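Remarks on the structure that follows.
No experiment lies behind these values; they were computed from the predicted model shown.
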Amino acid sequence: MKGVLLVNLGSPDSPEPKDVKRYLGEFLMDERVIDVPLWARILLVKGIILNTRPKASAAAYKKIWWDEGSPLIVLSERLQAKIQEQVDFPVSLAMRYGSMTIKKGLQELVDKGVDEVFLIPLYPQFAMATTETILVLAEEIRQAHFPQLKIQDLKAFYNNSNYIDVLSNSIESHLKGKDYEHLLFSYHGVPERHIRKSDVTKSHCTIDGSCCATPSPAHEFCYRHQCKEVTRLVAKKLNLEEGTFSTSFQSRLGFDPWLQPYTDRTIERLGKEGTKKMAIVTPAFVSDCLETLEEIAMEGEEIFHEMGGKDFTTVPCLNDDQEFVDLLSNWIKDWAMSETGTI
């Protein structure tokens with residue numbers, strides 16, 4: 001019997017410091033998130049970050065927390081429920097971090113008689129700290145607890161034409177009637193070393209002005225290229241003029257070089273240069289969360305206004321948008337009908 005497991009990032013159980021600390025500890029101790037030797041990761045995370053950051057992060061979570069719970073969890077559950085209405089076999093939901101574990105998600109499917117799982121990381125682009133860590137952990141759990149399971153996964157869909165159509169339609173719909181001068185595509189940042197580590201050629205990703213635009217096998221796992229490609233394809237679909245849109249990266253941590261330009265500095269620069277009306281979309285996320293609802297919609301708008309900007313419009317993530325639901329449901333049906341188990 002076939003089944004589907006949707007996997008998103010995760011969330012603390014509550015916006016209280018103790019729950020946020022527990023969540024951050026699991027998240028930041030992941031070797032694919034902070035990819036330094038274990039001793040250094042322990043020193044950094046347990047010795048410094050978890051003694052300073054949870055209180056501030058908890059305050060941020062409290063700003064965006066819904067009555068139903070964490071926005072990311074609630075929105076993911078809505079997506080799951082809508083997909084379940086369209087397919088004839090079980091659809092479960094799990095998170096990479098937090099109490100809604102991948103093991104629980106797989107157990108739920110096994111208990112319903114599932115022996116073939118279509119694993120869908122809810123990330124359009126591939127990255128070590130997102131897709132890869134989900135796939136690695138899922139395989140470890142399968143080997144240890146569910147060796148009878150056969151698991152296939154959905155590959156990065158950043159350049160899938162149907163996905164680009166859905167994303168473009170969502171942006172166009174939410175900006176309809178809005179008068180904006182600049183559209184900023186903001187993606188979650190990663191350290192530059194992650195890009196080089198993911199380079200299967202070990203030589204292509206120089207992180208300069210040309211490598212992402214030069215065809216290479218490295219692009220299959222290059223987060224930077226895939227983000228830039230989403231921007232390019234959407235801009236083409238929406239007929240955006242050069243100079244009216246750009247790409248940036250948010251949420252950096254620590255002192256190592258991260259992908260640039262940085263979102264906060266880009267917003268600041270646009271305001272200083274006289275942009276009065278801007279819009280921002282966050283295509284690295286499919287569900288609104290702390291990074292979109294607080295970091296962008298609150299902090300980003302504050303920066304823009306401080307720099308002289310007037311109108312700041314945020315485009316919601318795809319969330320449970322019906323076109324996105326239909327797209328994922330169709331991919332699931334294609335997988336279920338495929339003799340090879342792939343789409």
Side-chain angles (χ1 to χ4, degrees), residues 3-16 18-34 45 50 54 57-58 60-61 64-66 68-84 90-112 114 117-142 144-146 149 151 153-154 156 188 190 251 282 284-295 317-320 324-325 328 332:
V4 177
L5 184 63
L6 307 173
V7 185
N8 213 331
L9 176 71
S11 172
D13 290 334
S14 82
E16 297 303 318
K18 62 180 178 61
D19 287 331
V20 173
K21 182 176 182 178
R22 186 183 308 115
Y23 173 76
L24 288 177
E26 181 185 5
F27 173 52
L28 297 175
M29 282 301 295
D30 185 341
E31 64 181 351
R32 286 176 173 79
V33 173
I34 298 183
V45 176
L50 293 185
S57 293
Y61 273 108
I64 59 102
W65 209 260
W66 292 351
E68 306 100 302
S70 161
L72 182 142
I73 301 294
V74 174
L75 290 165
S76 298
E77 289 173 339
R78 291 177 186 173
L79 177 66
Q80 172 202 7
K82 286 188 176 182
I83 292 174
Q84 184 64 84
V91 179
S92 293
L93 175 67
M95 300 289 151
R96 174 58 181 86
Y97 311 103
S99 58
M100 294 179 63
T101 64
I102 292 175
K103 182 182 177 184
K104 288 180 181 178
L106 290 174
Q107 184 67 62
E108 182 179 313
L109 293 175
V110 169
D111 290 346
K112 293 178 179 178
V114 169
V117 177
F118 190 29
L119 177 64
I120 301 181
L122 290 171
Y123 302 101
Q125 305 89 10
F126 176 93
M128 281 176 50
T130 55
T131 311
E132 184 175 305
T133 187
I134 286 174
L135 298 181
V136 169
L137 180 59
E139 177 58 18
E140 290 175 354
I141 292 170
R142 187 198 69 79
H145 302 282
F146 310 107
L149 281 181
I151 300 179
D153 60 273
L154 177 66
H188 199 286
V190 300
S251 311
T282 49
F285 307 92
V286 301
S287 305
D288 277 306
C289 54
L290 184 70
E291 286 81 2
T292 65
L293 298 173
E294 197 271 341
E295 183 180 355
C317 294
L318 291 175
N319 296 321
D320 60 339
F324 186 48
V325 171
L328 290 178
I332 291 167

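- A distance-only check finds a donor-acceptor pair linking the side chain of E295 to the backbone of S251 [under 3.5 Å].
- The local environment of NZ in K82 is crowded, with over 12 non-hydrogen atoms from other residues, nucleotides or ligands closer than 6.0 Å.
- Qualifying side chain to side chain donor-acceptor pair (under 3.5 Å) partners for T282, counting only residues two or more places apart in sequence or in other chains: none.
- Between R142 and E139, the closest side-chain pair of non-hydrogen atoms falls below 4.5 Å.
- The CE atom of M95 sits 5.0 Å away from atom CG of N8, with the distance rounded to the nearest 0.5 Å.
- Pairing each heavy atom of K103 with each of I141, the nearest pair is N-CD1, 3.8 Å.
- Of the possible polar contacts, one joining the E26 side chain to the G98 backbone as a donor-acceptor pair under 3.5 Å is found.
- Using a distance-only test at 3.5 Å, with no hydrogens or angles considered, a donor-acceptor pair links the side chain of D288 to the main chain of C317.
- Using modelled atom types, one side-chain atom of S76 and one backbone atom of L72 make a donor-acceptor pair closer than 3.5 Å.
- Closest approach of A284 to Q125, counting heavy atoms only: CA-OE1, 3.4 Å.
- The distance from atom CZ of F285 to atom OG1 of T130, rounded to the nearest 0.5 Å, is 10.0 Å.
- Side-chain contact check for E108 and S92: at least one donor-acceptor pair (N or O, by modelled atom type) lies under 3.5 Å.
- Side-chain contact between L24 and Y97 is absent, with no heavy atoms from C-beta onward closer than 4.5 Å.
- Residues D320 and V325 share a closest heavy-atom pair of O-CG2, 3.7 Å.
- With hydrogens and angles disregarded, a donor-acceptor distance shorter than 3.5 Å links the side chain of Q80 to the backbone of V91.
- Using bins of under 30°, 30° to 60° and over 60° for the plane-to-plane angle, the ring pair W65/Y61 lands in the perpendicular bin.
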